[in-house]
Protein chains: 2
Amino acid sequence: MDRRIKEILQTPAKEQELTVNGWVRSKRDSKAVCFIALNDGSCMSNIQIIIDKENSNENLLNAINQLNTGASCSVNGILVESLGKGQTVEIQAKNITVLGEAPDDYPLQKKRHSFEFLRDIAHLRPRSNTFAAVARVRNAMSFAVHKYFQENGFLYVNTPIITESDAEGAGEMFQVTTIPMEKLSGGVDYTRDFFGKKASLTVSGQLMGETYATALGNIYTFGPTFRAENSNTTKHLSEFWMIEPEMAFCDINMNIDIAEEFLKYILQYVLDNCQEDMAFFNQHIEKGVIEKLENVIKSEFKRVTYTEAIDILEKSNEKFQYPVSWGIDLHTEHEKYLTKHFNGAVAVVDYPKDIKAFYMKLNEDGKTVRGVDILVPRLGEIIGGSERENDYETLLGKIKEVGLDPEEYSWYLDTRKYGSVPHSGFGLGFARLIMYVTGMENIRDVIPFPRSSKNLKF
Amino acid sequence: MDRRIKEILQTPAKEQELTVNGWVRSKRDSKAVCFIALNDGSCMSNIQIIIDKENSNENLLNAINQLNTGASCSVNGILVESLGKGQTVEIQAKNITVLGEAPDDYPLQKKRHSFEFLRDIAHLRPRSNTFAAVARVRNAMSFAVHKYFQENGFLYVNTPIITESDAEGAGEMFQVTTIPMEKLSGGVDYTRDFFGKKASLTVSGQLMGETYATALGNIYTFGPTFRAENSNTTKHLSEFWMIEPEMAFCDINMNIDIAEEFLKYILQYVLDNCQEDMAFFNQHIEKGVIEKLENVIKSEFKRVTYTEAIDILEKSNEKFQYPVSWGIDLHTEHEKYLTKHFNGAVAVVDYPKDIKAFYMKLNEDGKTVRGVDILVPRLGEIIGGSERENDYETLLGKIKEVGLDPEEYSWYLDTRKYGSVPHSGFGLGFARLIMYVTGMENIRDVIPFPRSSKNLKF
């Protein structure tokens with residue numbers, strides 16, 4: 001294949017001939033010379049194509065006319081040192097093949113477009129600087145996730161998307177069916193549905209992940225999960241990718257150690273591998289985002305109990321919108337305050353059992369559980385996890401207490417019935433992490449085709 | 001964290017003290033000594049724990065009684081050279097903490113279980129040798145997929161799972177809804193559904209992948225896809241992971257080059273990184289599977305046109321179940337014959353347009369398209385791909401011809417309207433590839449929790 005612009009821009013100019021393919025970002029045409037900024041998505045920078053009009057053949061002169069913003073072409077030319085600003089090399093065109101023109105109604109003309117406008121053309125927005133950068137950073141972060149876990153002996157497990165369990169307390173679920181809904185009248189015979197029973201889209205792979213962790217040690221999931229909540233905010237999607245590692249022979253403290261190491265690894269990977277894109281976000285999207293990430297990497301995460309955290313909040317002179325008292329769930333304003341108080345990331349552990357999920361391990365005090373939320377500056381919670389209840393009878397009691405059907409969870413209970421082990425895990429919404437890393441403020445702008453209430457295009 | 005068995009087994013015994021955690025696979029108890037085979041999922045091999053009963057404390061003697069097959073424990077002891085067969089090191093126990101017992105009704109007692117039986121306890125089957133090996137190989141192959149693409153400048157793109165397009169000709173779709181189906185009677189008002197319109201589970205990320213490839217160059221998807229087909233076979237799942245790379249400035253020949261290189265890379269990665277598990281599959285599941293994979297890696301893939309392939313099949317003396325003539329879709333028997341004829345993998349190109357998808361590029365002959373199927377020995381088709389039709393008018397005509405609504409595909413057509421480029425891609429069912437690599441014969445045994453018609457457990 002022909003070389004890509006990212007590589008060409010790092011090549012010392014030695015008058016070599018080469019071919020480069022890409023899309024026209026802009027064209028400056030004067031009497032004597034025409035400059036074309038060409039981009040191929042491999043990096044944010046364009047390569048400059050120079051056409052010396054006075055010494056040009058007809059092919060080049062025709063190409064100039066056809067190459068509007070958005071058009072695609074293949075350029076054959078000589079790589080030379082650039083005398084202009086902003087690039088070290090450029091290409092003196094010898095021949096240009098126009099691959100596809102872009103009519104004047106091309107929506108991405110060279111000017112600033114609002115993110116809202118671009119959201120409407122999600123199929124074209126990766127051709128813009130911001131969304132191409134988001135795509136590259138998202139890619140790097142995905143790979144960093146896999147790399148971290150693979151280097152540390154975790155197995156990637158694909159837990160199912162379609163599930164029969166329709167509870168878990170994690171949120172409202174989408175139903176999956178092949179029954180022709182138009183023909184229904186008063187009642188559904190689920191034995192006639194595709195799976196012979198009611199089916200839903202998963203809200204989390206954790207419980208199934210636990211069955212693999214309690215057989216293979218360390219595992220992680222990284223896949224789509226779903227919430228049918230009518231939350232029309234900048235922080236909620238109906239479909240989003242989650243990362244959920246689960247570790248056997250691992251208590252809450254080792255869990256926090258791993259979460260801290262994992263988070264720092266991802267951040268460092270992005271800073272190391274996406275310098276150009278991160279510089280762009282730092283300059284145009286969130287001033288200081290790089291320093292923010294560097295500080296998280298440098299810091300040692302503080303660890304406090306929920307009870308200590310409440311104490312700190314109560315003693316502060318801060319006016320919170322939501323009043324603070326032992327037993328409340330922490331709100332973003334409280335979480336942000338705690339990260340300011342400690343001047344860095346904080347892991348809050350031992351939450352009141354009534355505000356956390358049924359599977360968290362009960363502490364000896366009988367009123368708190370080994371849950372943990374990891375809070376980071378400017379955002380609040382980024383990771384939630386826990387040591388899991390591994391005592392069969394305690395877990396069974398809890399399942400009954402919260403009104404779930406033990407029969408439906410018999411497979412989950414089996415992991416505690418047969419060779420139960422202390423184990424822990426955490427969950428991380430991938431889109432939230434990308435927002436934190438890039439500074440992008442709307443979650444719909446960090447996933448290619450966002451899905452939310454009344455919003456399903458493409 | 002404590003070290004894992006895979007690492008300990010590679011550690012030279014120097015009488016060092018260590019702690020190891022795992023599950024009891026078997027116990028041999030005699031008057032003087034007790035041997036426990038302990039496994040932690042990090043590898044197939046167990047580590048042997050020796051309890052010298054004559055010089056034991058009460059802790060150890062109690063542990064022996066509690067540690068049935070399936071029980072979990074943490075063993076503290078001395079790593080010593082093993083005098084027994086089958087291992088180089090073993091652990092002389094000093095102290096054992098029983099973490100969880102396993103009652104006698106533990107379903108995975110030490111004996112052979114049928115895959116069918118194990119499928120019913122999919123939450124416990126990763127504790128068996130075969131399914132632990134499948135999980136490790138699946139993990140290695142997943143990472144190899146990412147590694148290959150990352151090393152070659154491809155961006156990972158998460159195309160959406162919930163889609164509005166309900167056609168494409170790829171198969172029957174699941175519907176996604178939040179409308180209470182029980183309350184329906186004669187008609188559905190989709191404006192009241194979650195997305196305000198009818199929604200389905202994706203059958204392929206390709207078309208959306210193309211929008212990213214025609215902005216960023218090389219991309220790939222790797223995620224779950226869905227088919228609501230009532231195929232109750234050993235080769236079909238309703239939910240399965242697909243790998244779909246898409247490359248801009250890439251014609252059908254470069255497409256085949258990449259597919260060939262990619263496939264060989266994955267196979268080589270598994271042979272290099274899963275030697276113990278592959279030896280197991282080679283011995284117990286498919287004799288000669290390693291040699292089969294090595295031959296694919298060593299061979300240069302043959303390339304023939306569909307027309308040539310039909311000619312070869314017609315001239316053969318083979319009695320095929322499905323008669324051969326120009327225009328038929330190739331069946332597995334034909335594909336296998338072709339790999340035998342060429343003694344290796346074969347890429348068949350230029351299929352009749354009427355048996356291939358609408359988006360494939362029409363050849364100049366007007367009757368074939370630039371589709372390709374890659375066939376491998378003993379299996380047949382493993383990869384299907386094509387150069388995509390990149391001419392706006394031709395694609396629009398084709399969309400109308402096959403009865404799709406151009407309005408619904410306007411976003412897809414935009415990629416040909418604005419800066420269209422030659423581009424190509426292929427698709428690969430991940431589970432099929434795992435079957436090929438491991439020799440496992442039922443697709444339900446290479447995914448953790450399989451979903452198919454009338455089959456939705458967990």
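Every heavy atom of this structure was used, including side-chain atoms; hydrogens, water molecules and symmetry mates were not. In what follows, chains carry the letters A, B, and so on, assigned in the order in which the sequence lines appear, proteins first and then strands, with residues in each chain numbered from 1.
- When the candidates B/T214, B/L99, B/T178 are compared by the number of heavy-atom contacts under 4.5 Å with chain A, B/T214 comes out ahead.
- Between A/F458 and B/W411, the ring-plane angle classifies as perpendicular under the 30° and 60° cut-offs.
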B/L155 and A/R138: side chain to side chain contact (heavy atoms under 4.5 Å, CB included), yes or no, with the steps?
CA-CA 9 Å; B/L155 299 178; A/R138 187 178 171 108; over 6 Å; no
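- Side-chain atoms of B/V188 and A/L184, non-hydrogen and from C-beta on, never get closer than 4.5 Å to each other.
- Options A/K6, A/H123, A/R4 differ in how many heavy-atom pairs under 4.5 Å they form with chain B, and the most are formed by A/H123.
- For A/D104, the CG atom is loosely surrounded, since the number of other residues' heavy atoms within 6.0 Å does not exceed 12.
- Only the backbone of A/S452 comes within less than 4.5 Å of a heavy atom of chain B; no side-chain atom from C-beta onward does.
- A/K454 contributes no side-chain N or O that, together with a main-chain N or O of B/K197, makes up a donor-acceptor pair within less than 3.5 Å.
- For the set A/P126, A/S72, A/G100, the entry with the most heavy-atom pairs within less than 4.5 Å of chain B is A/P126.
- Taking the six-membered ring for Trp and the full ring otherwise, the centers of B/F249 and A/W23 sit less than 6.0 Å from each other.
- Comparing B/G223, B/S238, B/A199, B/G153 by how many heavy-atom pairs each has under 4.5 Å with chain A, the most go to B/S238.
- In this structure, the portion of A/P422 lying under 4.5 Å from any heavy atom of chain B is its side chain and not its backbone.
- Ring geometry for A/H146 versus B/Y156: interplanar angle over 60°, hence perpendicular rather than tilted (30 to 60°).
- For A/A431, no part sits under 4.5 Å from any heavy atom of chain B, backbone or side chain.
- Of the listed residues B/E7, B/E239, B/K457, the one with more heavy-atom pairs under 4.5 angstrom with chain A than any other is B/E239.
- Contacts of B/N21 with chain A are made by both backbone and side-chain atoms, with heavy-atom separations under 4.5 Å.
- Among the candidates B/Q150, B/K417, B/E182, the residue making the largest number of heavy-atom pairs closer than 4.5 Å to chain A is B/Q150.
- Counting heavy-atom pairs closer than 4.5 Å to chain B, the top-ranked of the candidates A/A122, A/P103, A/A132 is A/P103.
- For a residue to count as touching a neighbouring chain, one of its non-hydrogen atoms must lie under 4.5 Å from one of that chain's; by this rule A/F240 does not touch chain B.
- Put simply, of A/R125, A/K183, A/E101, the one with the most heavy-atom pairs under 4.5 Å next to chain B is A/E101.
- Each of B/G419, B/S453, B/S42 has some count of heavy-atom pairs under 4.5 Å with chain A, and the biggest count is that of B/G419.
- The aromatic rings of A/F195 and B/F174 sit parallel, their planes meeting at an angle under 30°, below the 60° perpendicular limit.
- Interface residue A/N158: backbone and side-chain heavy atoms are both found under 4.5 Å from chain B.
- The most heavy-atom pairs under 4.5 Å with chain B, out of A/D40, A/V157, A/I161, A/N39, come from A/I161.
- Residue A/L201 touches chain B through its side chain alone, counting heavy-atom pairs closer than 4.5 Å.
- Heavy-atom distances place the side chain of A/F226, and not its backbone, under 4.5 Å from chain B.
- Proximity of A/Y418 to B/D105: side-chain heavy atoms (C-beta onward) are separated by under 4.5 Å at one or more points.
- For the pair A/L216/B/R136, a side-chain contact is recorded, criterion being any heavy-atom separation below 4.5 Å from C-beta on.
- For A/N129, the side-chain hydrogen bond (donor to acceptor under 3.5 Å, both in side chains) criterion is met by A/R25, not counting sequence neighbours.
- Using a 4.5 Å heavy-atom threshold, the side chains of A/L456 and B/I162 count as touching.
- Both the backbone and the side chain of A/T177 come within contact range of chain B, judged by heavy atoms closer than 4.5 Å.
- Looking at A/P448, the atoms closer than 4.5 Å to chain B (heavy atoms on both sides) sit in the backbone and in the side chain alike.
- Of the two parts of A/L124, only the side chain, counted from C-beta on, holds a non-hydrogen atom closer than 4.5 Å to a non-hydrogen atom of chain B.
- There is no contact between A/R416 and chain B, counting heavy-atom distances below 4.5 Å.
- Chain A forms the most heavy-atom pairs under 4.5 Å with one residue out of B/Y190, B/Y392, B/F430, and that residue is B/Y190.
- Interface remark: of the candidates A/F449, A/W241, A/F194, A/F222, A/F194 forms the most heavy-atom pairs closer than 4.5 Å to chain B.
- When atom types are taken as modelled, the side chain of B/S185 and the backbone of A/S185 share no donor-acceptor pair closer than 3.5 angstrom.
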